[in-house]
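Note on naming: letters A, B, ... go to the chains in the order of the sequence lines (proteins, then strands), and numbering restarts at 1 for each one. Please read these numbers as outputs of a predicted model, since none were measured by experiment.
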Number of protein chains: 2
Amino acid sequence: MTTINDIAKMANVSRTTVSRVLNNNGYVSEDVRKRIMQIVEETGYIPSLSAKSLRTKKSGVIGVIIPRIDTETASRVVSGINEVVAKGNFQILLTDTELDKQKEIEYIRLLQSRHVDGIILLATNVNDQLIATIKDVELPFISLGQDLPGVTSILYDDYHASVDVTNMLLSKGYEKVAFIGVSEEDPSVGRLRKKGYVDAMASRGYNFDESWIETGDFSIESGYEAMKKIIKNSRGELPSAVFVVTDRMAIGAMEYLREQGYRIPEDMAVVGIGASTMSRYVTPSLTTVDYFNKEAGHRAAELLIQQIKQKKEAEKFVQTYRLIKRDSV
Amino acid sequence: MTTINDIAKMANVSRTTVSRVLNNNGYVSEDVRKRIMQIVEETGYIPSLSAKSLRTKKSGVIGVIIPRIDTETASRVVSGINEVVAKGNFQILLTDTELDKQKEIEYIRLLQSRHVDGIILLATNVNDQLIATIKDVELPFISLGQDLPGVTSILYDDYHASVDVTNMLLSKGYEKVAFIGVSEEDPSVGRLRKKGYVDAMASRGYNFDESWIETGDFSIESGYEAMKKIIKNSRGELPSAVFVVTDRMAIGAMEYLREQGYRIPEDMAVVGIGASTMSRYVTPSLTTVDYFNKEAGHRAAELLIQQIKQKKEAEKFVQTYRLIKRDSV
DNA sequence: ATTGTGTGTGTAATCGATTCCATATTAATA
DNA sequence: TATTAATATGGAATCGATTACACACACAAT
């Protein structure tokens, strides 16, 4: 590998001058600049970013921590992040926790040791150790999708989206709305979305059966199983609609209903959240909520880059959402 | 940030000794080792990987170049790669070309300057400049999905998969098989898959109309448009089946057929490639080919890590595939 | 003639690790 | 007892960049 010293020698100047040319600062005569640039071209020299990073404490890399890449939500977010950071000549160092909470913390440390300029975290849970670690690393930090105290967070409006969905169902005359959620360890998807449902039901004076509420684990299969349980448990009084907090689980639920010969939406309406590509192409097409994941990624990246440029107070941003009405309701 | 020097000072030893403890090599007394470890714990010290990388010429990072993250194929591959490299304590530096050929080359250079230990490339095209660049960087390198001369490549068996799909359709009595492909600039998806179709048709003695062949750009919409064109162009003699080289485009084609009131598969059978999640949940479920993308990712990562450990000659590996028969045929 | 300012370039310290080499102590072997 | 080997530690060079500081020169202003 050619180094800055090699270039300097070949151009008969000091490495300082070469550095000046490369970084476009300080005074350099046009003559020398040209000579150096030519040698750089010829040799195909590329500066070592490890060395640069060691010296400048900046890496041009931003760390992204996600629970799983192979979900549409995550890949959309990452795509959004990438579009923005690439413009700022940053790269993404991607880490995937595979839903392991402990790894969220480990990876924050790891990214710190790699001198990333900032971190975007898609957390699946919130706990004190996590918050403490984030504080401790003292890096520009964005939480996407979970409200982390003291940390700039970009939030989906889980509560209101959930209220809207439930109200929409109630308004359409589906009085008996079942619910498939996820573990309440996940404050956004688990707790808030459920709270929205519960509150909306209560405020409209509908009482609902506990047996209408089931929990899945984000997978299609778990949606299928949850639907099965709901049907099994509620013999006698079948719900007329089911609100599922993710599209994938909703697809699973639909699958079960289809298998059992229930018509959607005549026998049971189904609503999901996520606006997955699939939701549009299943039959019947699935009513869902678009969370604009890619835009959230954009936003996160923009905010992070701002923070990298100058430190800021923690802020909270709530993304808009949009109810997409389709044929499953 | 605490550095190795701080630790050394606190423990009253030289930084050499600290380094020995941290890297578990050379002789260190149990006494000193414990003392150092305790201080490391207390301070939460993490070694600077930039410094380490500068000195050792290894970064523990592997570069991944993909055409788009927000496709199921790519995210599965990345997930597969991640599962393997994470075990070896590597991280992924992700770059997304957004289908820009020139960026493939740029990113190889960039990753080189970041001292990645190796690169996995999901190329969309093959050209001399690309090959030359790969040769030039002299890094462990894996091409996934395209056969790059002189480069270790993991290949999907596009040709035979395509032959099989076509034969399967012909055997089932669909004699008039239309085809929706992509640009032949993409040797694997564009050229090989088409060749498989053409050869299979020819070898069975079926002649086919050029008007049955259309080209899309991987998007669902382009599949829709291609299907529309085929139907429009072939008035009089409608094909009885359509072989679409990606699931997404196949879904688009199905959408058009449904809209126009054609029954699938009675009026027109449809086959895709990719085994996307969607393919299973659309109605009718889509017959497709599973390319085992995640496993391909595993394989790529394993090979890369092997190559990082010791340089090897370029090899070619062909992945298996599996025809998944569903209701669209 | 002197001082100041804008240019242009180089010397050397620095970032935080690893590692070669030297040295000291202790234990084992001849 | 002398010699060798194993164990334990430190000094200093090194990786490849950036940057504070110093210096030299040209030209304008005083």
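- A salt bridge is absent between A:Arg68 and A:Asp96: the closest approach of a Lys/Arg side-chain nitrogen to an acidic carboxylate oxygen does not fall below 4.0 angstrom.
- Distance CE (B:Met1) to P (C:dC15): 13 Å, rounded to an integer number of Å.
- The stretch residues 12-20 of chain A touches DNA chain C through A:Asn12, A:Val13, A:Ser14, A:Arg15, A:Thr16, A:Thr17, A:Arg20, each having a heavy atom within less than 4.0 Å of the strand.
- A distance of 7.5 Å separates CZ in B:Phe90 from CG in B:Leu304, rounded to the nearest 0.5 Å.
- Neither side chain, A:Asp136 nor A:Gln112, offers a donor N or O lying under 3.5 Å from an acceptor on the other.
- Checked options B:Lys58, B:Gln307, B:Lys57; the residue passing with B:Asp117 is B:Lys58 (criterion: side chain to side chain contact (heavy atoms under 4.5 Å, CB included)).
- In summary, the side chains of B:Ser50 and A:Ser53 do present a donor paired with an acceptor at a separation below 3.5 Å, with no hydrogens or angles considered.
- For the residue pair B:Glu315 / B:Thr152, no side-chain donor-acceptor distance below 3.5 Å is found, with atom types taken as modelled.
- Annotation for A:Glu185: atom CD does not count as buried by contact number, only 12 or fewer foreign heavy atoms lying within 6.0 Å.
- Separating the OH atom of A:Tyr27 from the P atom of C:dG10 is a distance of 17 Å, rounded to the nearest angstrom.
- In this entry the distance linking CG of B:Asp6 with P of C:dG16 reads 8 Å, nearest Å.
- Taking CG of B:Leu111 as the start and CD1 of B:Ile108 as the end, the distance is 8.0 Å to the nearest 0.5 Å.
- The NZ atom of A:Lys9 sits 19 Å away from the P atom of C:dT9 (whole-angstrom rounding).
- Applying the 4.0 Å criterion to OP1 and OP2 of C:dT18, one finds that B:Asn23 has a side-chain N or O inside that range.
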Atom pairs under 3.5 Å: protein N/O with N/O of nucleotides 27-29 of chain D:
none

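- Rounded to whole angstrom, the span from the NZ atom of A:Lys58 across to the C1' atom of D:dA17 amounts to 15 Å.
- For the side-chain hydrogen bond (donor to acceptor under 3.5 Å, both in side chains) test, residues two or more places apart in sequence or in another chain that qualify with B:Asn125 are B:Glu104, B:Asn127.
- The nucleotide whose nearest atom lies closest to any side-chain atom of B:Arg55 is, among D:dT18, D:dT14, D:dT7, D:dT14.
- Residue A:Thr3 has its side chain nearest to D:dG16 when only D:dT9, D:dG16, C:dT9 are considered.
- When rounded to the nearest whole Å, the span between CD1 of A:Ile4 and P of D:dT19 equals 11 Å.
- Of the residues in residues 38-50 of chain A, not one comes within less than 4.0 Å of DNA chain C through any heavy atom.
- Checked by atom type, the side-chain pair A:Gln38/A:Arg35 shows no donor-acceptor distance below 3.5 Å.
- Summary for the helix from C:dA1-D:dT30 to C:dA30-D:dT1: the axes at its two ends, each from 5 pairs, differ by 50° when rounded to the nearest 10 degrees.
- Projected onto DNA chain D by closest heavy-atom contact, B:Leu54 and B:Arg33 fall at different nucleotides, the more 5' of which corresponds to B:Arg33.
- Under the 4.5 Å side-chain criterion, counting only non-hydrogen atoms from C-beta, B:Ser153 is not in contact with B:Gln146.
- Rounded to whole angstrom, the span from the CG atom of B:Leu22 across to the P atom of C:dT19 amounts to 13 Å.
- Taking side-chain N and O atoms only, A:Lys57 has a distance below 4.0 Å to OP1 or OP2 of C:dG16.
- Checking the phosphate oxygens (OP1, OP2) of C:dT7, no side-chain nitrogen or oxygen of A:Ser29 falls inside 4.0 Å.
- Between A:Lys52 atom NZ and C:dA17 atom P there is a gap of 21 Å when expressed in whole angstrom units.
- Counting only N and O atoms by type, the side chains of A:Asp217 and A:Ser219 include a donor and acceptor under 3.5 Å apart.
- Residues B:Gln102 and B:Thr97 fail the side-chain proximity criterion, which asks for heavy atoms closer than 4.5 Å.
- Scanning for ring-ring contact (aromatic ring centres under 6.0 Å, His included) contacts around B:Tyr156 gives B:Tyr291, with sequence neighbours left out.
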